[in-house]
Amino acid sequence: MNKKEVFKLAKGFRGRAKNCIRIARERVEKALQYSYRDRRNKKRDMRSLWIQRINAGTRQHGVNYGNFMHGLMKENVQLNRKVLSELSMHEPYSFKALVDISRSAFPGNKKSIVPPKKEGLAIVL
């Protein structure tokens with residue numbers, strides 16, 4: 001990289017990292033390494049977020065994530081985790097239909113464990 005490109009990439013850095021070529025080159029190189037690494041980590045983090053959202057949505061209906069995904073796979077429902085997480089957050093009735101499809105396809109989902117209803121606290125005087 002020539003000096004002009006390095007300084008262009010180093011714009012916004014603090015101290016001498018923005019105007020001394022030797023330091024700027026080192027900092028820009030390290031910044032590019034971080035950005036390369038974190039582009040991959042972002043994909044990993046988003047996938048784990050989607051899985052957490054799907055798991056939370058399925059547990060409301062008494063099914064865990066693994067059994068839900070296995071049931072969808074057996075029924076050949078080809079929705080990715082991103083779409084499933086969006087459905088679980090914004091379209092609860094559609095997501096409930098998918099949980100029912102998954103439950104009917106996989107025998108492990110037959111046991112419907114519905115969490116107990118929480119009632120208000122009774123004040124004893």
Practice task
Quick one: closest heavy-atom pair of Ser102 and Asn67, and the distance?
Solution key: OG-O, 3.6 Å
Exercise for the section: Please confirm whether the backbone N or O of Arg39 pairs with a side-chain atom of Lys43, one donor and one acceptor, at under 3.5 Å? Expected result: yes
Practice task
Check Val6 against Met1 and note the closest heavy-atom contact, atom names and distance.
Solution key: CG2-CB, 3.9 Å
Handout entry: Thr58 side chain to Ile54 backbone, donor-acceptor under 3.5 Å
Key = yes
Handout entry: Glu29 atom CD, over 12 foreign heavy atoms within 6.0 Å
Key = no
Handout entry: From Gln60 atom CD to Asn55 atom CG, the distance as rounded to the nearest 0.5 Å
Key = 10.5 Å
Problem - Geometric cation-pi criterion, Lys30 with Tyr34: 6.0 Å, 45° - result: yes
Practice task
Establish whether Phe13 and Phe7 are linked, either directly or via other cluster members, by ILVMFWY side-chain heavy-atom contacts under 4.5 Å.
Solution key: yes
Handout entry: Gap between atom CG of Leu98 and atom NZ of Lys96 - 0.5 Å precision
Key = 11.0 Å
Exercise for the section: Using modelled atom types only, decide if a donor and an acceptor are shared between the side chain of Asn2 and the backbone of Glu5 within a distance under 3.5 Å. Expected result: yes
Problem - Leu79 CG to Met69 CE distance, which is reported to the nearest 0.5 Å - result: 9.0 Å
Handout entry: Heavy-atom donor-acceptor pair, Arg40 side chain to Tyr36 backbone, under 3.5 Å
Key = yes
Handout entry: Separation between OG of Ser104 and NZ of Lys74, rounded to the nearest 0.5 Å
Key = 11.0 Å
Handout entry: For Leu84, the option from Val77, Ile51, Leu72 that meets side chain to side chain contact (heavy atoms under 4.5 Å, CB included)
Key = Leu72
Handout entry: From CA spacing to verdict: side-chain hydrogen bond (donor to acceptor under 3.5 Å, both in side chains), Tyr65, Arg81
Key = CA-CA 11 Å; Tyr65 170 78; Arg81 285 165 182 82; 2.7 Å; yes
Problem - Nearest heavy-atom neighbours spanning Ala105 and Gly71 - result: CB-O, 3.5 Å
Fill in the blank from the handout: Closest heavy-atom pair, Ala24 versus Ala10, reported as atoms and distance to 0.1 Å, is CB-CB, 4.1 Å
Completion exercise
For Arg14, the side-chain hydrogen bond (donor to acceptor under 3.5 Å, both in side chains) test, sequence neighbours excluded, returns none
Practice task
Answer yes if Leu49 and Val83 sit in the same cluster of Ile, Leu, Val, Met, Phe, Trp and Tyr residues linked by side chain heavy atoms under 4.5 Å apart, and no otherwise.
Solution key: no
Practice task
Using the ring pair (Phe, Tyr, Trp, His ring centres under 6.0 Å) rule, collect all pairs that involve residues 74-101, keeping only residues at least two apart or in two chains.
Solution key: Phe68-Phe95
Practice task
Can you measure from CZ (Arg103) to NE2 (His61) and round to the nearest 0.5 angstrom?
Solution key: 8.5 Å
Exercise for the section: Take atom CZ of Arg22 as the centre, draw a 6.0 Å sphere, and report whether it contains more than 12 heavy atoms from other residues, nucleotides or ligands. Expected result: no
Completion exercise
Rounded to the nearest 0.5 Å, the CD atom of Glu75 sits from the CD1 atom of Ile101 at a distance of 7.0 Å
